Amino acid sequence: MTASSLHEQYRLLLLRHLPDVTEEQLLMDTRLPDLGLDSLSTVQLLLEIEEEFMISIPDELMTLETFSTVGSLYSVVRELAD
């Protein structure tokens with residue numbers, strides 16, 4: 001999978017998961033909590049990401065930093081999906 005198709009797939013997943021969010025809000029430095037991501041929706045998003053990209057995010061990456069911004073979470077997905 002190319003980097004651009006991975007990014008597009010990630011972007012579309014976020015838009016599906018956060019239906020009140022617009023494409024313009026999905027900047028890499030946008031904070032996920034600012035998009036409405038709470039603890040329950042974070043767990044749901046995690047499960048969707050693991051299923052969509054066929055990855056398993058290890059416990060050591062389950063940090064506030066990983067889930068802080070659109071870009072920080074994408075970096076983990078990109079690293080594990082390679």
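Any value given below was found using the heavy atoms of this structure, including those in side chains, with hydrogens, waters and symmetry copies removed. These figures come from a predicted structure and were not determined experimentally.
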Checking [X] now: which residues fulfil side-chain hydrogen bond (donor to acceptor under 3.5 Å, both in side chains) with it, not counting sequence neighbours?
{"X": "His17", "result": "Glu48"}
{"X": "Glu60", "result": "none"}
{"X": "Ser72", "result": "Ser68, Thr69"}

Item to complete: Please name all residues satisfying side chain to side chain contact (heavy atoms under 4.5 Å, CB included) with Ser5, sequence neighbours left out, ordered by chain then number.
Response: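 If we apply the side chain to side chain contact (heavy atoms under 4.5 Å, CB included) test to Ser5, skipping adjacent residues, the hits are Met1, Thr2.
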Worksheet item: Got Leu61 and Asp59 here, is their nearest side-chain heavy-atom distance under 4.5 Å?
Response: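 They are not in side-chain contact.
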Discussion item. Using side-chain heavy atoms (C-beta onward) and a distance below 4.5 Å, is Leu14 in contact with Val21?
Written reply: no
Side chains of residues 73-82: which donor-acceptor pairs under 3.5 Å do they make with residues two or more places apart or in other chains?
residue	atom	partner	partner atom	Å
Tyr74	OH	Ala3	O	3.4
Ser75	OG	Gly71	O	3.0

Residues 28-38, side-chain donor-acceptor partners within the protein, below 3.5 Å, at least two apart:
residue	atom	partner	partner atom	Å
Thr30	OG1	Gln25	O	2.8
Thr30	OG1	Leu27	N	3.3
Thr30	OG1	Leu27	O	3.3
Asp38	OD1	Leu40	N	3.2
Asp38	OD1	Ser41	N	2.8
Asp38	OD1	Ser41	OG	2.8

Worksheet item: Do any pairs count as a salt bridge (charged side-chain N to carboxylate O under 4.0 Å, His left out) and have a residue in residues 9-18, sequence neighbours left out, and if so which ones?
Response: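 Found Glu8-Arg11, Arg11-Glu23, Arg16-Glu52.
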Worksheet item: Just wondering, are more than 12 heavy atoms of other shown residues or ligands nearer than 6.0 Å to CG in Leu64?
Response: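 Open.
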Item to complete: Please collect all ring pair (Phe, Tyr, Trp, His ring centres under 6.0 Å) contacts where either partner lies in residues 29-65, sequence neighbours excluded, each pair once.
Response: none
